[in-house]
Undergrad: 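Structure in structure tokens, see below.
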Amino acid sequence: MRVLGIESSCDETGIAIYDSENGLLAHQLHSQVKLHQKFGGVVPELASRDHIKYFAPLLNAALEQAKLDKSDLDAIAYTAGPGLVGALLTGACFAKSLAWGLGIPSLAVHHLEAHLLVAQLDISDFHPPYLALLVSGGHTQLIAVRGFGQYEILGETLDDAIGEAFDKTAKMMGLSYPGGPLLAKYADSCSPELRNSLSPFPRPMTDRPGLDFSFSGLKTHVLNYWHKSSQDETARHAIAYAFQEAVIDTLLIKCRRALKQTGFKSLVVAGGVGANKSLRQQLEGMAKALQVRLLFPKSEFCTDNGAMVAFAGWMHLTQSHRDPDWSVEVKARWPLRHG
Ligand code: KG4
Ligand code: ZN
């Protein structure tokens with residue numbers, strides 16, 4: 001079975017083809033980063049218009065890459081939420097129209113579920129149960145994945161998501177959008193002397209039991225620190241390093257707790273912040289010490305992409321037996337537990 005996956009929940013247009021026998025056949029992506037850069041954040045209306053512009057060319061490129069014709073597709077999966085409602089609608093309409101024209105089923109996919117499942121596409125011998133750390137621009141969650149469709153949110157952020165905290169901290173120091181990867185570069189290139197001279201930033205909510213997160217206090221701490229600093233490149237390096245260390249340490253403490261609580265022996269990291277090099281290294285150290293298997297999908301599958309949608313779509317087609325539905329329904333908010 002060949003499933004086309006369409007992702008358009010935010011600022012990435014992703015189209016991919018997953019084949020249940022041969023794996024991923026094609027994977028095409030267009031990033032809107034340049035489009036939104038001058039506004040310092042995603043402009044929803046521009047995002048929607050840009051998705052529409054790129055669906056057809058990316059579909060053609062994916063078909064060419066897979067050496068297939070549209071008529072070889074068996075089903076179409078699209079992200080129906082959570083995300084920007086206008087952007088989601090463009091993907092839903094494109095998917096439904098194409099499916100209607102080809103006479104094949106289309107189905108709605110939950111964006112976060114797609115992030116959770118993509119490790120199973122990327123690493124073939126990997127199956128639940130596992131703990132998933134979902135760290136993206138909109139979400140920070142620890143989820144117990146007990147099987148397909150069996151997800152329990154063990155902890156989540158009470159305010160800012162991790163990617164959002166990275167982006168806001170970067171923006172405050174005058175770094176361009178999206179600040180997360182740039183802030184990480186500043187942190188990683190902070191000199192050893194500067195690192196040693198810094199007093200650590202707070203590790204929020206680690207002094208009490210539980211698995212929830214909160215990053216707004218850390219953001220305020222960073223803001224005060226920046227205002228009192230020299231506001232130059234040295235200050236940027238110092239703050240980026242201290243901020244990144246505080247965030248990573250907090251994540252590690254909560255992951256350790258969640259692994260102990262569940263007794264799971266595997267940890268998957270999903271979402272855009274999973275591309276962070278230092279987070280990867282420090283989680284590797286922790287996993288080794290705890291004798292836990294740590295899985296990182298490739299960076300291109302950590303950030304938004306069509307492959308995860310195609311794969312999640314295939315899982316639903318073969319395992320959840322939903323009736324085909326031609327309504328174009330998307331959800332800006334869609335809690336995973338009710339998904
Ligand atoms: O999962 P994603 O591509 O989009 C959604 O939010 O769904 O995640 C994007 C987020 C952004 O906030 C971006 O700044 C952050 O992931 N990000 C990073 C890094 N690469 C991407 N944050 C820290 N370090 C990175 N290397
Ligand atoms: Zn995402």
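Values in this document were obtained by computation on a predicted structure and should not be read as measured data. Order of listing sets the numbers, starting from 1, for every ligand and every atom in it. Position 1 is the first residue of the sequence, and the numbers go up from there.
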Undergrad: Which atoms of ligand 1 have any heavy atom of Ala184 under 4.0 Å away?
TA: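 That gives atoms 24 (N) of ligand 1.
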Undergrad: How far is atom 13 (C) of ligand 1 from its nearest protein heavy atom, and which residue and atom is that?
TA: Asp167 OD1, 3.8 Å
Undergrad: Please identify which of these residues, Asp207, Ile248, Thr206, meets the side chain to side chain contact (heavy atoms under 4.5 Å, CB included) condition with Ile253.
TA: Thr206
Undergrad: Strictly by modelled atom types, are Glu7 and His111 linked by a side-chain donor-acceptor pair under 3.5 Å?
TA: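 There is such a pair between these side chains.
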Undergrad: Hey, which protein N/O/S atoms does the Zn ion (ligand 2) have under 2.8 Å?
TA: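 Protein N, O or S atoms closer than 2.8 Å to the Zn ion (ligand 2): His111 NE2, His115 NE2, Asp304 OD1.
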Undergrad: With heavy-atom distances below 4.0 Å as the criterion, list the atoms of ligand 1 near Gly163.
TA: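 Answer, ordered by atom number: 12 (O).
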Undergrad: Would you call the rings of His221 and Phe201 parallel, tilted or perpendicular if under 30° counts as parallel and over 60° as perpendicular?
TA: perpendicular
Undergrad: Strictly below 4.0 Å, N to O, side chains only: are Glu284 and Lys288 in salt-bridge contact?
TA: no
Undergrad: Looking only at protein heavy atoms, which one is nearest to atom 3 (O) of ligand 1, and what is the separation?
TA: Asp304 N, 3.2 Å
Undergrad: Considering only protein heavy atoms, which is closest to atom 8 (O) of ligand 1, and at what distance to one decimal place?
TA: Gly272 CA, 3.3 Å
Undergrad: Taking side-chain contact (heavy atoms from CB on, under 4.5 Å) as the test, write out the residues that go with Ala66, two or more places apart.
TA: Ile17, Leu25, Ala26, Leu68
Undergrad: We want to know whether Ser214 and Asp159 form a side-chain donor-acceptor pair, criterion being a heavy-atom distance below 3.5 angstrom.
TA: yes
Undergrad: Please state which protein non-hydrogen atom is closest to atom 26 (N) of ligand 1 and give its distance, to 0.1 Å?
TA: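 Nearest neighbour among protein heavy atoms for atom 26 (N) of ligand 1, to 0.1 Å: Asn276 CA, 3.5 Å.
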Undergrad: Suppose I only count heavy atoms of His111 and a 4.0 Å limit; which atoms of ligand 1 are within that range?
TA: 7 (O)
Undergrad: For atom 10 (C) of ligand 1, grab the closest protein heavy atom and report residue, atom and distance to one decimal in Å.
TA: Gly137 N, 3.5 Å
Undergrad: Closer than 4.0 angstrom: is that true for some heavy atom of Pro181 and an atom of ligand 1?
TA: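 So Pro181 counts as touching ligand 1.
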Undergrad: Tell me which part of Val273 gets within contact of ligand 1: side chain, backbone, both or neither, using heavy atoms under 4.0 Å.
TA: both
Undergrad: How long is the gap from CG on Leu223 to CE on Met173, to the nearest 0.5 Å?
TA: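 Answer rounded to 0.5 Å: 11.0 Å.
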Undergrad: Among all residues two or more places apart in sequence or in another chain, which pass the ring pair (Phe, Tyr, Trp, His ring centres under 6.0 Å) test with Phe166?
TA: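 Counting only residues at least two positions away or on another chain, Phe166 forms a ring pair (Phe, Tyr, Trp, His ring centres under 6.0 Å) with Phe243.
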Undergrad: Given Thr13, which of Lys53, Gln28, His51, His30 fulfils the side-chain hydrogen bond (donor to acceptor under 3.5 Å, both in side chains) condition?
TA: His51
Undergrad: Looking only at heavy atoms of His139, does any of them come nearer than 4.0 Å to an atom of ligand 1?
TA: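 Distance cut 4.0 Å: His139 fails for ligand 1.
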Undergrad: Less than 4.0 Å is my threshold; does some heavy atom of His115 fall inside it relative to ligand 1?
TA: yes
Undergrad: For the NE2 atom of His237 and the CG atom of Asp188, what is their distance to the nearest 0.5 Å?
TA: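 One finds 9.5 Å between NE2 of His237 and CG of Asp188.
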Undergrad: Can you name the atoms of ligand 1, numbered from 1 with element, that are less than 4.0 Å from a heavy atom of Gly138?
TA: 6 (O)
Undergrad: Looking at Phe166, which atoms of ligand 1 are within less than 4.0 Å of one of its heavy atoms?
TA: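 Ligand 1 atoms under the 4.0 Å threshold to Phe166: 23 (C).
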Undergrad: Show the atoms of ligand 1 that are less than 4.0 angstrom away from any heavy atom in Thr303.
TA: 3 (O)
Undergrad: When you measure from the side chain of Asp74 to the backbone of Val3, do you find a donor-acceptor pair of N or O atoms at a distance under 3.5 Å?
TA: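 Such a contact is absent between Asp74 side chain and Val3 backbone.
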Undergrad: Around atom CD of Gln291, are there more than 12 heavy atoms from other residues, nucleotides or ligands closer than 6.0 Å?
TA: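 No, not enclosed.
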Undergrad: Test: ring pair (Phe, Tyr, Trp, His ring centres under 6.0 Å). Region: residues 260-289. Which pairs qualify, not counting sequence neighbours?
TA: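 For residues 260-289, and leaving out neighbouring residues, there are no ring pair (Phe, Tyr, Trp, His ring centres under 6.0 Å) pairs at all.
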